[in-house]
Structures are given as structure tokens and as C-alpha cells.
Amino acid sequence: MPELIKAAILGARGYVGVELIQLLDAHPKVQLTAVYSRSYAGQPVHQVVQGYSDQQLIYETGDFNQLAEQSLDVLFVALPDGLAVRHQKLWQQMAPDTLIIDLSADHRFDDGWVYGQPETNQAALSGARLIANPGCYATGMQLGLKPLLSYLLPADLDVPTAFGVSGYSGAGTTPSDKNNPQRLADNLLAYKPTDHTHEREVSHVLEHTIRFMPHVAAHFRGIHLTLSGKLNLSLSANEVRKLFINHYQEHPLIQVERAAPEIQQVANSHDLIIGGFACSTSEPGHLVWNVCLDNLLKGAATQAVQNMNLALAVSHQTKAYEGIL
Ligand SMILES: NC(=O)C1=CN([C@@H]2O[C@H](COP(=O)(O)OP(=O)(O)OC[C@H]3O[C@@H](n4cnc5c(N)ncnc54)[C@H](OP(=O)(O)O)[C@@H]3O)[C@@H](O)[C@H]2O)C=CC1
Ligand SMILES: CC(=O)N[C@@H](CCC(=O)OP(=O)(O)O)C(=O)O
């Protein structure tokens with residue numbers, strides 16, 4: 001590994017792109033050498049991203065074909081869904097040691113790419129070259145369900161459900177009802193109640209069918225999930241909580257609490273919090289619990305940086321960002 005990892009970002013104007021810029025700026029082992037945005041082309045990054053330390057870095061327009069000549073160590077692709085998949089040839093043509101991390105949904109079902117959920121797929125990420133970052137809700141749902149997989153009833157008897165509420169940054173910057181603060185004020189919108197990509201993603205990754213009902217609310221960032229499922233034995237809330245604590249004890253970003261987590265605890269935080277375990281007294285095995293995470297951080301940029309660190313064996317850790325930088 002070179003002294004400094006040479007990194008670039010495609011989609012650097014977007015909500016996720018800006019988070020990546022800030023995280024990589026703070027990363028002691030990374031030098032951000034190129035950021036691409038059509039709308040900001042020619043503008044210095046420090047004028048757009050508050051606190052950005054490098055006065056020289058300028059947004060460029062992304063001529064994708066030039067990327068192969070840049071001898072990058074890592075390229076973060078934070079483009080809207082459907083764009084990264086159009087450039088399969090380019091990803092293959094990039095230098096063989098350039099790591100590509102796609103934050104869109106385009107490669108999450110592609111066996112040629114490693115699924116980049118760092119807490120559960122760490123071994124496969126070491127030395128990986130093509131990484132598909134998980135979806136934001138999908139991160140929360142799979143980490144919330146994984147410790148219980150061997151206790152869940154088979155799908156023909158019960159299907160776990162997830163009721164999710166996201167902040168409107170989850171819908172990106174292209175204007176729509178889902179990111180229109182006027183439309184969302186004092187409001188809650190349900191959308192895609194069946195067949196959401198993240199329902200398919202979690203069912204695929206866990207090899208266990210789930211159901212997901214997403215909603216969007218007026219806050220900017222943060223996902224709140226209420227999960228419900230039926231276990232094949234009767235456990236107390238305390239026993240379930242201990243099971244989660246044991247499962248995630250080696251993973252500093254996953255917090256397990258007794259109380260139900262709240263959006264305000266995770267907004268602008270790298271942590272994902274699981275808690276609020278409630279076991280029915282009238283229906284043995286019926287369990288309801290909650291997961292919260294910041295969609296832009298643990299649901300996107302933080303997870304991408306964790307993946308880079310694992311793939312490129314970056315061992316540096318600081319107290320403030322233990323497990324990420
Ligand atoms: N928002 C979230 O919470 C999460 C998002 N993701 C995924 O991450 C990706 C980025 O999301 P997000 O930041 O929210 O999206 P945004 O809509 O906020 O940003 C999109 C970015 O892509 C660029 N872009 C758009 N169209 C094109 C194009 N045709 N060619 C080149 N560049 C283009 C835009 O810059 P410009 O127009 O200036 O070129 C901008 O930088 C998406 O795939 C999303 O699904 C994943 C997890 C969570
Ligand atoms: C509120 C909102 O719209 N959220 C988005 C989150 C998905 C996302 O951003 O991730 P991928 O497209 O990369 O899977 C949605 O439900 O589509």
C-alpha cells in the first residue's frame with residue numbers, strides 16, 4: 001500500500017458524495033485527488049463543502065473514460081442507481097489494483113462484486129477489488145435480523161416485517177415528493193409498500209424472506225426501523241438483548257441498548273443502534289424491536305470507508321473514529 005491512498009469520487013455533489021468528501025478529508029491515510037460533479041465543475045471544493053481542508057481541489061466533470069489513466073487506489077461511485085452498471089467495461093479496464101466501491105444498488109446482486117457489509121462479510125472484503133455497498137435501510141434490517149436468523153420461524157410459518165421511516169436525504173437530490181420539505185412538513189409519506197429493492201436485498205443476503213414497508217418523514221437524515229418477527233422458542237427481552245450484545249461485541253459501530261433507539265441518537269453518527277426489545281406475553285415467540293442508523297453515514301459513506309479500510313488493509317484507527325478511519 002502506498003503511503004497515502006489516492007482516492008476519487010464520482011457523484012461528489014450528492015448527499016452521499018459530500019459525506020464521503022468529509023470522511024476522506026479526515027482520514028489520515030487518504031489523499032482525495034479528484035472529485036466529479038457536472039453542476040459544480042470548476043468550483044473549489046472548500047467553497048462548497050464546509051470545513052474542507054484542501055484549498056486546491058476543484059470539482060471536475062466526470063469523463064468516465066479518463067478514470068482508467070489516473071492510477072487511483074480507490075474510486076467511490078456515488079451516482080444515482082442505473083449509471084454504474086452501464087460502465088462494466090470501464091470497471092474491468094481500470095488498473096487491476098484500483099478498488100471500486102459502488103454505493104448504488106447496481107451491483108448488490110452481482111456475484112462478480114463483493115457485498116460490502118463490513119460487520120458480516122469481513123473475510124470476503126479483504127483484498128476485494130469490486131465492492132457493492134449495501135442499501136441504507138438494508139443495512140439496518142440485516143444487522144437487526146442477523147443475530148436471530150437461527151431462531152426465526154421458517155418463512156412458510158412467519159415472515160419478519162420491517163416498518164421503516166427515513167429522513168428525506170435518503171431520496172437524494174433529484175426533486176420529488178420524497179425530498180420536498182414543504183410536502184413533508186408535519187407529514188409522513190408511505191411509498192413502495194411491496195417489492196422495494198432493499199426488501200429483495202435483505203431477503204437475498206440473509207437467505208430468509210422479509211417484508212419491508214418504507215416511509216419518508218420531514219427530518220433530514222436518519223432511519224428508524226421497527227422490526228417484528230416470530231421466534232421458534234420463547235425468550236425474554238433481556239435474553240434477546242444479551243444475544244445481540246454477544247453477536248456484535250467485536251464491532252464498535254453496532255450498539256445494543258435496552259431502550260428503543262431514536263433518530264436523534266444516530267443523526268451525524270457512525271453508529272447503528274439496536275434496542276427496544278419487546279416480547280409478547282400473550283403470543284410466545286412474538287418479538288418486536290428497533291434499529292436506527294444515519295442513512296448517509298452507516299447506511300452509505302461510513303460503510304464505504306470501512307470497506308475501503310478492509311479491502312486495502314488500512315489498519316489505522318483513531319479514538320474518535322474507531323473502526324472507520
Ligand atoms: N441518500 C442516501 O441516503 C443513500 C444513497 N445511496 C445511493 O448512493 C448514490 C448517491 O446517492 P445520493 O448522494 O443520495 O444522490 P444525489 O441525488 O444526492 O446525488 C447524485 C450525484 O450523482 C451526480 N449525477 C447525477 N446524474 C449524473 C449523471 N448522469 N452523470 C454523472 N453524474 C451524475 C450528481 O452530480 P452532478 O449532477 O453535479 O453531476 C450528484 O453528485 C445513489 O445510488 C443512492 O441510491 C445509498 C445509500 C444511502
Ligand atoms: C427516502 C428514500 O427514498 N430512500 C431511498 C433509499 C434508497 C437508497 O438511497 O439506496 P439505493 O437506491 O442505493 O438502494 C429509497 O427508498 O429508494
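Every number for a ligand or one of its atoms is a count from 1 in the order of the listing.
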- Query: Restricting to pairs with a member in residues 170-195, which pass salt bridge (charged side-chain N to carboxylate O under 4.0 Å, His left out), not counting sequence neighbours?
  - Reply: D177-R183
- Task: Would you please classify the geometry between the H107 ring and the W113 ring as parallel, tilted or perpendicular, with 30° and 60° separating the classes?
- Result: parallel
- Query: Any side-chain heavy-atom pair from L20 and L103 closer than 4.5 angstrom?
  - Reply: yes
- Message: Does Y36 form a ring pair (Phe, Tyr, Trp, His ring centres under 6.0 Å) with F76? I'd like the steps, not just the answer.
- Response: CA-CA 10 Å; Y36 296 96; F76 293 91; over 10 Å; no
- Note on the structure: Of all protein heavy atoms, the one nearest atom 47 (C) of ligand 1 is G299 O, 3.4 Å
- Query: According to the interplanar angle, ranging from 0 to 90°, do the rings of Y248 and F244 count as parallel (below 30°), tilted (30 to 60°) or perpendicular (above 60°)?
  - Reply: tilted
- Query: Should K230 and E283 be marked as a salt bridge (charged side-chain N to carboxylate O under 4.0 Å, His left out) after you check the CA-CA gap, both sets of side-chain angles, and the distance that decides it?
  - Reply: CA-CA 9 Å; K230 189 138 185 184; E283 190 191 340; 3.0 Å; yes
- Which ligand 1 atoms, with their elements, are less than 4.0 angstrom from a heavy-atom of G14? 13 (O), 16 (P), 18 (O), 19 (O), 40 (C), 41 (O)
- Note on the structure: Atoms of ligand 1 under 4.0 Å from any heavy atom of L296, numbered from 1 in the order shown, are 1 (N), 2 (C), 3 (O)
- If you have a sec, work out which protein heavy atom is nearest atom 44 (C) of ligand 1 and how many Å separate them, to one decimal? D81 OD1, 4.4 Å
- Task: Give the residue and atom name of whichever protein heavy atom lies nearest to atom 3 (O) of ligand 1, and the separation in Å to one decimal.
- Result: N295 ND2, 2.8 Å
- Item | Shortest heavy-atom approach to atom 17 (O) of ligand 1 - which of D102, L79, T61, T173 | T173
- Show which atoms of ligand 1 fall inside a sub-4.0 Å distance from at least one heavy-atom site of A12. 41 (O)
- Can you list the atoms of ligand 1 that are under 4.0 Å from a heavy atom of S37? 36 (P), 38 (O), 39 (O)
- Taking 4.0 angstrom as the limit, do K29 and E3 come out as a salt bridge? no
- Do ligand 1 and A300 have nitrogen or oxygen atoms that lie under 3.5 Å from each other? no
- Identify which of C136, G17, A78 has a heavy atom lying nearest to atom 21 (C) of ligand 1. A78
- Task: Provide the number and element of each atom of ligand 1 under 4.0 Å from a heavy atom of L103.
- Result: 6 (N), 7 (C), 8 (O), 46 (C)
- Say whether L148 and L153 are linked into one hydrophobic cluster, either directly or through other cluster members, by side-chain heavy-atom distances under 4.5 angstrom. no
- For Y40, is at least one N or O under 3.5 Å away from an N or O on ligand 1? no
- Item | Sub-3.5 Å N/O-N/O distance, G11 and ligand 1 | yes
- Tell me, which residues have any heavy atom less than 4.0 Å from some atom of ligand 2? D81, L103, S104, A105, R108, C136, Y137, S166, G170, A171, K178, Y191, H196, H198, V216
- Determine whether the aromatic ring centres of H204 and F109 lie less than 6.0 Å apart. yes
- Provide, to 0.1 Å, the distance between atom 5 (C) of ligand 1 and the closest protein heavy atom, together with that atom's residue and name. V16 CG2, 3.6 Å
- Message: Regarding atom 14 (O) of ligand 1: of the candidates G135, S166, S39, G172, which has the closest heavy atom?
- Response: G172
- Message: Do L72 and L99 have side chains that approach each other closer than 4.5 Å (heavy atoms only, starting at C-beta)?
- Response: no
- Message: With a 4.5 Å cut-off on side-chain heavy atoms, are H196 and M213 touching?
- Response: no
- Task: Answer yes or no: is there an ion pair linking R38 with E60, defined by an N-O contact shorter than 4.0 Å?
- Result: no
- What protein heavy atom sits nearest atom 24 (N) of ligand 1, and how far off is it? R38 NH2, 3.6 Å
- Query: With backbone taken as N, CA, C and O and side chain as the heavy atoms from C-beta onward, which portion of L10 lies under 4.0 Å from ligand 1: side chain, backbone, both, or neither?
  - Reply: neither
- Are any of the side-chain nitrogens in D73 or K6 under 4.0 Å away from the carboxylate oxygens of its partner? no
- Is the distance between the ring centroids of F163 and F212 less than 6.0 Å? no
- Task: Have a look at ligand 1 and work out which part of P80, if any, has a heavy atom under 4.0 Å from it: side chain, backbone, both or neither.
- Result: both
